[in-house]
Amino acid sequence: MRDYAAPDVLWHVMRFGATPEHARSGPMLKILGGGFIQSLRLILDGMGFDTDAEIVTTHGETTSGHG
């Protein structure tokens with residue numbers, strides 16, 4: 001199965017519970033952004049658009065809406 005400590009991933013990699021500023025400095029945007037951009041480029045190609053278009057990713061925040 002997995003050979004890493006899941007709580008460490010949540011806190012240190014995904015930065016759950018961190019301030020927005022600290023979370024933005026983490027690796028998640030880069031980790032997830034690469035695959036997301038590849039998918040977008042495939043969609044652009046399929047639709048006949050320029051696959052060399054600049055794709056900009058950003059790091060946002062939201063609340064759960066509970067409370």
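Along the sequence shown, residues are numbered consecutively beginning with 1.
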Distance, nearest 0.5 Å, that separates [atom1] of [X] from [atom2] of [Y]:
| X | Y | atom1 | atom2 | result |
| --- | --- | --- | --- | --- |
| Leu40 | Thr57 | CG | OG1 | 10.0 Å |
| Ile43 | Thr51 | CD1 | OG1 | 13.0 Å |
| Met14 | Asp8 | CE | CG | 13.5 Å |
| Thr19 | Arg24 | OG1 | CZ | 8.0 Å |

Transitive ILVMFWY side-chain link [X] to [Y], under 4.5 Å:
| X | Y | result |
| --- | --- | --- |
| Val9 | Leu32 | yes |
| Phe16 | Ile31 | yes |
| Leu42 | Leu44 | no |
| Leu29 | Trp11 | no |

(request) Mark yes or no for whether Arg15, through its side chain, and Leu10, through its backbone, hold a donor-acceptor pair below 3.5 Å. (result) no
(request) Check for a donor-acceptor pair, side chain of Arg41 on one end and backbone N or O of Ala53 on the other, with a separation under 3.5 Å. (result) yes
(message) Tell me the closest heavy-atom pair linking Ala18 and Ala23, and the distance in Å.
(response) CB-N, 4.2 Å
